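A quick write-up on the structure given underneath.
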Amino acid sequence: MKRIFAIFSIAIILILVCLVLYFNDMQMNECLEFRVPKLTKREVCELQDSDLFNDEEVIKIYLSKTQEENMIKKIEKNENWKNTKLDERLEERLEFHTRENIYYEIPKIENYYWIFTNRSNGVNDKHSIDELLEDRMYYAISLGILDMDNNILYYYEYDK
């Protein structure tokens, strides 16, 4: 009986851990438009002095070569991911709003793909940078950058 209880307890704990991991990554998965591998080394840099209305973080996800190759296959089928230089207007806006230099946790990268997602309410095109540049009292944005030389996925999130 004790053995059955122990197995049942371990199963419940594993299910709860998987659910927490799933729900923590759900917004990231929606913004990047594919599932990010869960069991990867991650570093999170977030505001130390956040307030009620502002939140900012960069998640640095280290990928294996196979994980990166699988991501690139998905990215190449998705027109929202770009293999061009990051839009200067977007970069200016991110640099202007970053607090505690969190945006600068993403280094200058030469060989990359990127995707921008505007998570704000009422946007017509969630990948439009033009709508981000409109004066809004509140906005929520995400930026994904896949560094193909170092097998690192950067996920930047900003809410104002």
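Quick caveat, the model's predicted, so the values are computed rather than measured.
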**Complete:** Between Tyr62 and the options Glu43, Glu68, Gln67, the side-chain hydrogen bond (donor to acceptor under 3.5 Å, both in side chains) test singles out Glu43

**Asked** Mind checking whether Val58 and Tyr104 have side chains closer than 4.5 Å, heavy atoms only?
**Response** no

**Prompt:** Would you say Glu56's side chain and Asp159's backbone share a donor-acceptor pair under 3.5 angstrom?
**Reply:** no

**Prompt:** Which atom names give the shortest non-hydrogen contact between Ser128 and Phe116, and what distance separates them?
**Reply:** O-CE2, 3.6 Å

**Leu90 CG to Glu95 CD distance, which is reported to the nearest 0.5 Å** = 9.5 Å

**Prompt:** Of Asn150, Asp149, Asn83, Asp147, which is the lone residue that meets side-chain hydrogen bond (donor to acceptor under 3.5 Å, both in side chains) with Asn111?
**Reply:** Asp149

**side chain to side chain contact (heavy atoms under 4.5 Å, CB included) between Phe34 and Asn78, worked out** = CA-CA 10 Å; Phe34 60 74; Asn78 185 330; over 6 Å; no

**Request:** Would you give the length of the straight line joining atom CG of Leu32 to atom CG of Asn80, rounded to the nearest 0.5 angstrom?
**Result:** 11.5 Å

**Request:** Please determine, by modelled atom types, if Asn118 and Glu131 share a side-chain donor-acceptor pair under 3.5 angstrom.
**Result:** no

**Prompt:** Salt bridge check: are Glu91 and Lys108 linked by an N-O gap of less than 4.0 Å?
**Reply:** yes

**Tyr112-Trp81 aromatic ring centre distance below 6.0 Å** = no

**Request:** Please report the closest heavy-atom contact between Trp114 and Thr84, naming both atoms and the distance.
**Result:** NE1-O, 3.0 Å

**Asked** Rounded to the nearest 0.5 Å, how far apart are CD of Glu157 and CD1 of Ile102?
**Response** 11.5 Å

**Between Glu33 and His127: side-chain donor-acceptor atoms closer than 3.5 Å** = yes

**Request:** Determine, stepwise, if the pair Arg119 / Ile141 fulfils side chain to side chain contact (heavy atoms under 4.5 Å, CB included).
**Result:** CA-CA 5 Å; Arg119 297 178 285 108; Ile141 58 173; 5.6 Å; no

**Asked** CG of Asp87 to CD1 of Ile129: how many Å apart, nearest 0.5 Å?
**Response** 3.5 Å

**Prompt:** Checking Asn29 side chain against Val36 main chain: does a donor-acceptor pair fall under 3.5 Å?
**Reply:** yes

**Message:** So that I can tick it off, tell me whether Asp130 and Arg89 are bridged by a salt bridge, with the cut-off set at under 4.0 angstrom between side-chain N and carboxylate O.
**Reply:** yes

**Message:** Using the rule given for side chain to side chain contact (heavy atoms under 4.5 Å, CB included), can you reason through Ile61 versus Ile152, listing the C-alpha separation, both sets of side-chain angles and the distance that settles it, and then say yes or no?
**Reply:** CA-CA 6 Å; Ile61 304 166; Ile152 298 174; 5.9 Å; no

**Item:** CD1-CD1 distance between Ile145 and Ile106, expressed to the nearest 0.5 angstrom
**Value:** 4.5 Å

**Fill in**
Only one of Tyr156, Tyr155, Tyr158 passes side-chain hydrogen bond (donor to acceptor under 3.5 Å, both in side chains) with Ser142, and that residue is Tyr155

**Message:** Just verifying a value: how many Å separate Leu94 CG and Leu86 CG, rounded to the nearest 0.5 Å?
**Reply:** 7.0 Å

**Request:** Just do the side chain to side chain contact (heavy atoms under 4.5 Å, CB included) check on Lys82 and Tyr113 with the steps written out, would you?
**Result:** CA-CA 5 Å; Lys82 311 290 184 219; Tyr113 282 97; over 6 Å; no

